[in-house]
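First listed ligand is number 1; within each ligand, the first listed atom is number 1.
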Amino acid sequence: MKTSVTSRALINLDALRHNLARVKQAAPETKILSVIKANAYGHGVLEVAEALSASDAFAVARLDEALILQKYLLEHEIKKNIILLEGVFCAEDYQQCKAQKLIPVIHSLEQFQWLYESGCTLDYWLKIDTGMHRLGLSENDLEYLINQYQQIDADYLPAVVISHFSCADEVENPTNQTQIKQFNQQSDLLACLKGVDSFQKSMANSAAILSHSDAHFDWVRPGIMLYGISPFETATPSRNGLDENLKPVMTLSSELISIKNLKKGDCIGYGASWCCPEDMTIGVIAIGYGDGYPRHAPSGTPVLINNMEVPLVGRVSMDMITVDLGALEKNQIPFQMGDRAILWGKGLPIEKISQKAGTIAYELLCQITQRVSFEYE
Ligand SMILES: *Cc1c(COP(=O)(O)O)cnc(C)c1O
């Protein structure tokens, strides 16, 4: 059906559920914390949460995201805990967490102090730094906190102890084993000093779920793999989600809005940076960086039209890209204005595009703008 909508992100909820089942298959004994921060990696957090209701809990980065999600979950009677991966940024926000039954991560002594001084008790997850050196308690911080714990109420103990890998996408990187070892040591220290058998633990993101079963522990935290994307795309560029038995969730497409016959030597687009080496048929597609298509995608980046890959030529503009339609002609595949062009998704793995554009699929997904119409199937 012809609509006025050109750029469109079609979200396949069955693929999302398939990918969650794939997580379950990789980590069958473990609870699943589905990571749906940043609007579910650009897919639409509310729709994604509903489709992933077989998860054990959800994670977002910040309080504002959690409040929107919690409201929706309550309205739809979906009972799931929501974890705040960055915790709170001021003491007062703990009241909100408590009122809304959100579970913050505590990753610094300041955050712990705010909680303790506010007199508020709530479930929280404690993050320790095992080598990422971004968020999390250092060994010294932990030692300090353990001393505190010995003097205060058991209500202030964490529910789960977590850490995060810095290089999990590089399967053979020795940092991974170092971090796992450090994590086990630190969390054991915490547990034994308090006379608890052990805390629940969580460490694995998508890459570790697929490659380090010794890091599965009690909770796994899949993000990118839920959306059908290989977590190994930077380390192993030839691999994509299909190699991991994942299915792409988002298919981004738009429409062929003009077809032109250009002469050898004619140059295309801003900066006239790409010139026809011969007489050519060029297609104009209604999508650009104003929709979130990466401006850095170079000539040669594939676009899928009528099941055939054709190369981008010339610069990406705000509202348009241009492609060489020669391959369609050569293979006698008919095309016309109004045909849909797939930028990534079904038939064209996003990993191919992120690699060409010198970025990662995570960024491409998060960059999609409001002009793109989201549809769910
Ligand atoms: C974003 C995030 C994840 C998910 O990572 P993926 O690589 O997308 O699987 C897991 N844990 C934490 C703490 C995160 O911030």
Side-chain angles (χ1 to χ4, degrees), residues 16 19-20 22-24 26-27 30-43 45 48-49 52 55-63 65-66 69 81-87 103-108 111 124-137 158 160-171 173 175-176 179-180 183 200-213 215-236 239-241 244 246 248-250 350-351 354 359-366:
L16 201 56
N19 298 334
L20 180 64
R22 178 73 183 89
V23 175
K24 193 86 204 153
T30 309
K31 281 184 273 194
I32 301 176
L33 175 64
S34 289
V35 180
I36 54 175
K37 62 194 178 190
N39 196 26
Y41 291 49
H43 290 68
V45 66
V48 166
L52 293 181
S55 314
D56 296 287
F58 294 121
V60 293
R62 309 192 190 130
L63 185 58
E65 298 179 282
L69 177 60
N81 283 328
I82 301 174
I83 317 299
L84 297 182
L85 293 173
E86 293 179 348
I103 301 182
V105 162
I106 286 184
H107 57 70
S108 67
Q111 286 183 328
Y124 72 91
W125 290 22
L126 184 71
K127 183 166 195 172
I128 55 185
D129 180 13
T130 54
M132 177 71 143
H133 297 141
R134 202 178 51 180
L135 299 181
L137 302 189
V160 181
V161 180
I162 76 170
S163 192
H164 197 52
F165 284 107
S166 56
C167 307
D169 58 328
E170 299 165 30
V171 176
N173 192 318
T175 305
N176 297 320
Q179 282 194 263
I180 294 172
F183 183 61
Q200 286 188 49
K201 290 191 259 182
S202 171
M203 200 170 185
N205 59 359
S206 299
I209 289 167
L210 293 174
S211 63
H212 284 96
S213 57
H216 286 173
F217 299 113
D218 302 284
W219 287 86
V220 290
R221 308 194 302 265
I224 198 74
M225 71 183 288
L226 290 173
Y227 309 98
I229 293 154
S230 167
F232 307 114
E233 63 168 327
T234 40
T236 325
R239 265 161 82 172
N240 64 54
E244 313 298 340
L246 299 166
V249 174
M250 178 193 292
I350 190 171
E351 294 91 337
S354 49
T359 184
I360 52 177
Y362 298 78
E363 189 188 27
L364 296 183
L365 295 170
C366 290

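- Listed by number with element, the atoms of ligand 1 under 4.0 Å from a non-hydrogen atom of Y362 are 6 (P), 7 (O), 8 (O).
- With H164 as the partner, the side-chain contact (heavy atoms from CB on, under 4.5 Å) test is satisfied by one option alone out of M203, K127, H107: K127.
- Considering backbone and side-chain atoms together, S206 places an N or O closer than 3.5 Å to an N or O of ligand 1.
- Of all the listed residues (Y41, W219, F165, W125), Y41 holds the heavy atom that lies closest to atom 8 (O) of ligand 1.
- At a 4.0 Å heavy-atom cut-off, ligand 1 does not touch M225 at all.
- Of the listed options K37, M203, M132, H107, K37 places a heavy atom closest to atom 1 (C) of ligand 1.
- Which parts of ligand 1 touch G223 is read off a 4.0 Å heavy-atom cut-off, strictly below it: atoms 4 (C), 6 (P), 8 (O), 9 (O).
- Both the backbone and the side chain of R221 come within contact range of ligand 1, each with a heavy atom under 4.0 Å.
- When heavy-atom distances to ligand 1 are checked against a 4.0 Å cut-off, I224 comes that close through both its backbone and its side chain.
- Among the atoms of K127, none of the N or O lies under 3.5 angstrom from an N or O of ligand 1.
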**Message:** side-chain hydrogen bond (donor to acceptor under 3.5 Å, both in side chains), that's the test. Do S163 and Q179 meet it? Break it down for me.
**Reply:** CA-CA 9 Å; S163 192; Q179 282 194 263; 4.8 Å; no

If you apply the rule side chain to side chain contact (heavy atoms under 4.5 Å, CB included), what do you find for H43 with L365, and how did you get there? CA-CA 8 Å; H43 290 68; L365 295 170; 3.8 Å; yes

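- Y362 has its ring centre no less than 6.0 Å from the ring centre of Y227.
- Residue R62 places its CZ atom among 12 or fewer non-hydrogen atoms of other residues, nucleotides or ligands, all under 6.0 Å distant.
- Counting atoms of ligand 1 from 1 in the listed order, those under 4.0 Å from a heavy atom of H164 are 10 (C), 11 (N), 12 (C), 13 (C), 14 (C).
- For the side-chain contact (heavy atoms from CB on, under 4.5 Å) test with L137, the passing option among I106, D129, L126 is L126; the others fail.
- R221 has its side chain within reach of S202: a pair of non-hydrogen atoms, C-beta onward, lies under 4.5 Å apart.
- Side-chain polar atoms of D169 and T234 form a donor-acceptor pair below 3.5 angstrom.
- Considering backbone and side-chain N/O atoms, L85 never comes within less than 3.5 Å of an N/O atom of ligand 1.
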